[in-house]
2 protein chains.
Amino acid sequence: MQSRTPASRTGRPRSAAADTAILAATRAALVELGWSKLTLGDVATRAGVAKTTLYRRWAGKNELVVDAVAELFDELTLPDRGSLAADIEGVVLQFATILARPEARNGLMAVVAESTRDDALRERIRASIVDRQKRLVLAGRARAQARGELPPESDAEEAARTVDLIFDMVAGAVVHRTLVSAEPADEEWIHGFTRVLLSGLSATGP
Amino acid sequence: MQSRTPASRTGRPRSAAADTAILAATRAALVELGWSKLTLGDVATRAGVAKTTLYRRWAGKNELVVDAVAELFDELTLPDRGSLAADIEGVVLQFATILARPEARNGLMAVVAESTRDDALRERIRASIVDRQKRLVLAGRARAQARGELPPESDAEEAARTVDLIFDMVAGAVVHRTLVSAEPADEEWIHGFTRVLLSGLSATGP
DNA sequence: AGTATTACGCTACGACCCGTAGCGAAAGCA
DNA sequence: TGCTTTCGCTACGGGTCGTAGCGTAATACT
């Protein structure tokens, strides 16, 4: 989570309940107010803590919302539906379901926008949100190779590039569909998307 | 642009130079300060106009930045490179070049994030930014069908869905690569992306 | 028990930005 | 020359920020 003091052994410990209350209050405020009208004073009031307590744990609005949104992606898992296409559709559906929630929509793009001028914030997003998504791509690819649905990796570096490409295509398409086009990434859309993506991947030439 | 008074024939006309100065100052402020630290008072000072003049023309920060960023996408054109793959690569390269500019990165995602809670703003973005991009997809598809590189549209509604899917895939992937993964969408990446996309599209089954 | 150390709640504060009102001056039209 | 609209300027109340200071609460060490 936030920058802890790992070697603190004495003194009053930080309330773990306050953490969860603050993050939950942040998500609630995101739903009701959105990003721009969300104030840290309001979050503190909702959480039942003092504003100063909030500032002692998080550097600012950006970091707080990143942590609050990151918890939404904890539920992402890789289902075993038997085939690569079905696995992808399952993961994309989970991802789309999370993005359909207003606290995710309101918070995610805002912190990404802020991260364009804040390298530390981008690293925080990568570690707590993006990597958690990318891990599913890696796992799904490995399972598909074990099944023989995808050719095994010949070059390690080439494989890494492919994974990055797939990840940007999947996450980017779902995010763009949900937030820019503002239309639901429902099962029908996901099915069409998966078909195009898989056809393109299976035809991997030089 | 902003909401004009179309039937105003008498009185002192609005300075057109002020418009361009304000929008240019907005982009300059986006580069130097980013979205969150950009203030309308600062933009007015940079543009050499009074703050009240700015408020008379734009409702707020969101609308102003949308117009300022929209001008960046004016230069998007559909080059005729002879093949669908080359055309796509050309357009994607233009799009990536625009997104590489800091004023686009800093402003675009921020207003998209704000638009999740503001339908009027989303409509403004769609009309002045998104549609300008989508038009290229439509034109490119039509040209490819004329060349015989893509099957002609059988069902009109199905064709519209396909165009929307392609658009979300292209724009989403480039945006995600540029802003989330924070790595350049250079020619090598674009080439790999186009290959996957086109392979998936040419294999259009039921 | 007693002490040291850290976290907490609370209040107050200067600084900044917002968005608007009001005014006189300027720039075009009839 | 009038009429109309825009412009620049100043000023203002309202809100948020982020921090300082203080007394209190909770835990670890001796």
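Side chains are part of it too, since the values below use all heavy atoms of this structure and drop only hydrogens, waters and symmetry mates. Every chain is numbered from 1 and lettered A, B, ... according to where its sequence line falls, protein lines coming before strand lines.
Of all heavy-atom pairs between A/I98 and A/L72, the closest is CD1-O, 3.4 Å. The nearest pair of heavy atoms linking B/V180 to A/V130 is CG1-CG2, 3.7 Å.
The aromatic rings of B/F73 and B/F95 sit tilted relative to each other, their planes meeting at an angle between 30° and 60°.
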Contact letters for nucleotides 21-30 of chain C, in which S counts primed atoms plus P, OP1 and OP2 and B counts the base, heavy atoms under 4.0 Å: B----BBBS-
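Atom pair A/R57:CZ and D/dG18:C1' shows a separation of 18 Å (rounding to whole Å applied). Atom NZ of A/K61 and atom P of D/dG15 are 17 Å apart (whole Å). Rounding to whole angstrom units, CZ of residue A/R14 and P of C/dC8 are separated by 6 Å. At whole-Å resolution of the value, OH in B/Y55 and P in D/dA11 are 19 Å apart. Protein atom NZ of A/K51 is 11 Å distant from nucleotide atom C1' of D/dG15, rounded to whole Å. In this structure, B/L54 atom CG and C/dC17 atom C1' are separated by 14 Å, rounded to whole Å. We find that CG of A/L64 is positioned 12 Å from P of D/dG18, with the value rounded to whole Å. Rounding to whole angstrom units, CG of residue A/N62 and C1' of D/dG18 are separated by 14 Å.
Shown here are the salt bridge (Lys or Arg N to Asp or Glu O under 4.0 Å) partners of A/R101, two or more places apart in sequence or in another chain: A/E103. Shown here are the side chain to side chain contact (heavy atoms under 4.5 Å, CB included) partners of B/E187, two or more places apart in sequence or in another chain: B/L93. Residues passing the salt bridge (Lys or Arg N to Asp or Glu O under 4.0 Å) test with B/R141, sequence neighbours excluded: none.
Between A/E114 and A/R122 there is no salt bridge, since none of the side-chain N atoms of the basic residue sits less than 4.0 Å from a carboxylate O of the acidic one. Salt-bridge annotation for B/R124 and B/D67: present, with a side-chain N of the basic residue lying under 4.0 Å from a carboxylate O of the acidic one. Ion pairing between a basic and an acidic side chain is recognised when a charged N comes within 4.0 Å of a carboxylate O; A/D131 and A/R126 show such pairing. Look at B/E32 and B/R46 and you find a salt bridge, because one of the NZ, NE, NH1 or NH2 atoms lies within 4.0 Å of a carboxylate O, short of that distance.
Across residues 108-119 of chain B, not one residue has a non-hydrogen atom less than 4.0 Å from an atom of DNA chain D. The stretch residues 30-37 of chain A has no heavy atom under 4.0 angstrom from DNA chain D at all.
Paired with A/D19 under the rule salt bridge (charged side-chain N to carboxylate O under 4.0 Å, His left out), one option of A/R56, A/R57, A/R14 passes, and it is A/R57.
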